[in-house]
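See below for the structure under consideration.
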Amino acid sequence: MKKTGHSLQSPLGKVRGYGSAKTGVAQWLDLRLVAVALIPLTLYVVISFTNSLSGGYSAMLAWVQSPVSATVVILTLLAGFRHGAAGLKEVIEDYVHLECAKIGTIFVVNFIAVALTILGTLSVAKIFFGV
Amino acid sequence: MTSATPVPKARPLSPHLQIYKPQITSVLSIFHRGTGIMLAAGMVVLVAWLAALAGGFDCYTAFVGYAQTWVGTAFLVALSFSFFYHLCAGVRHLLWDAGYFLELKQVYTTGRIVVLASVVMTALLWLKIYGVAL
């Protein structure tokens, strides 16, 4: 028997190449760093949104037209969809085992997340510039 | 003698959720995931709200009309609870990641705090929305 170094990975495992992709830590950290950013962002959105709610349509327009609120809403869209897509990816990886279905579902989720981030940001921009 | 084509035997699976007795640890973990999925739906609703607001008064009024049906209100109550729960439980997770409150007793205590805090925050939010308090 020929020795193949000190690797504990089986020859079959090596051929299939399902080992660590070496990007796990970055994904893990990203989910958490964005989560920390979302704490003040979402609290600001929920509290200031609720404060303007009784004023109806015009109060809501004024809320989005304030530069600080518009900035926080756009940041919330960016961070929220990034965190949401990363979270849904973990759920999909846990329950969808067929490789092509798994990759396809994650792709669709990421696509929707990016599309809705753009739609939300453009809506804020339209309200902000008062078109 | 043995058959020429071996039929692969169904391997035993490890026991899944329905086998175990529910415990506060596992139930809260499932809740964290469930509320996270709910919040992903909430992000879609946030964009719909922004698009409706950008669409003008009639568009916005139609959106508010949907939100004020009992289905819409029930969804928003569930969404607000999901937000506060996921926020509190998320902080708990971040503290765990930093190495705090990992003793079993602390896990139970912080779990109860998270549930209580998220229920109280949800109640306060809706009292505020209906103009009863704050």
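Throughout, protein chains are lettered first and strands after them, A, B, ... in sequence-line order, and every chain is numbered starting at 1. A quick note: this is a predicted structure, and the numbers were derived from the prediction, not measured.
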Query - Over 12 non-hydrogen atoms of neighbours within 6.0 angstrom of CZ in B:Phe31 - result: no
At a heavy-atom separation under 4.5 Å, does [X] approach chain A through its side chain, its backbone, both, or neither?
X       : value
B:Val44 : both
B:Tyr60 : side chain
B:Leu39 : neither
B:His32 : neither

Indicate if [X] and [Y] have the same hydrophobic cluster label, given that clusters are the connected sets of ILVMFWY residues with side-chain heavy-atom separations under 4.5 angstrom.
X        : Y        : result
A:Val34  : A:Ile39  : no
B:Leu76  : B:Leu53  : yes
A:Phe107 : A:Val114 : no
B:Tyr85  : B:Met38  : no
B:Tyr100 : B:Tyr108 : no

Top of [options] for chain B proximity - count of heavy-atom pairs under 4.5 angstrom:
options                              : value
A:Thr42, A:Leu53, A:Val36, A:Val124  : A:Thr42
A:Asn51, A:Val45, A:Ile47            : A:Asn51
A:Val109, A:Leu38, A:Leu122, A:Val46 : A:Val46

Query raised in the report: Run the side-chain contact (heavy atoms from CB on, under 4.5 Å) check on A:Phe49 and B:Leu46 step by step: do they pass?
Result: CA-CA 11 Å; A:Phe49 173 90; B:Leu46 173 66; over 6 Å; no
Report summary line: Contact list (residues 61-70 of chain A to chain B, heavy-atom gap under 4.5 Å, by number) returns A:Leu61, A:Trp63, A:Val64
Query raised in the report: Is any residue of residues 73-97 of chain A within less than 4.5 Å of chain B by heavy atoms, and which ones?
Result: A:Val73, A:Thr76, A:Leu77, A:Gly80, A:Phe81, A:His83, A:Leu88, A:Glu90, A:Val91, A:Asp94, A:Tyr95
Report summary line: Here the pair of heavy atoms bringing A:Ser123 nearest to B:Ala51 is OG-CA, 3.5 Å
Requested in this report: Mind ranking B:Leu50, B:Val64, B:Thr61, B:Leu87 by heavy-atom pairs under 4.5 Å with chain A and telling me who comes out on top?
Outcome: B:Leu50
Query raised in the report: Is any side-chain heavy atom of B:Met43 less than 4.5 Å from a side-chain heavy atom of A:Leu116?
Result: no
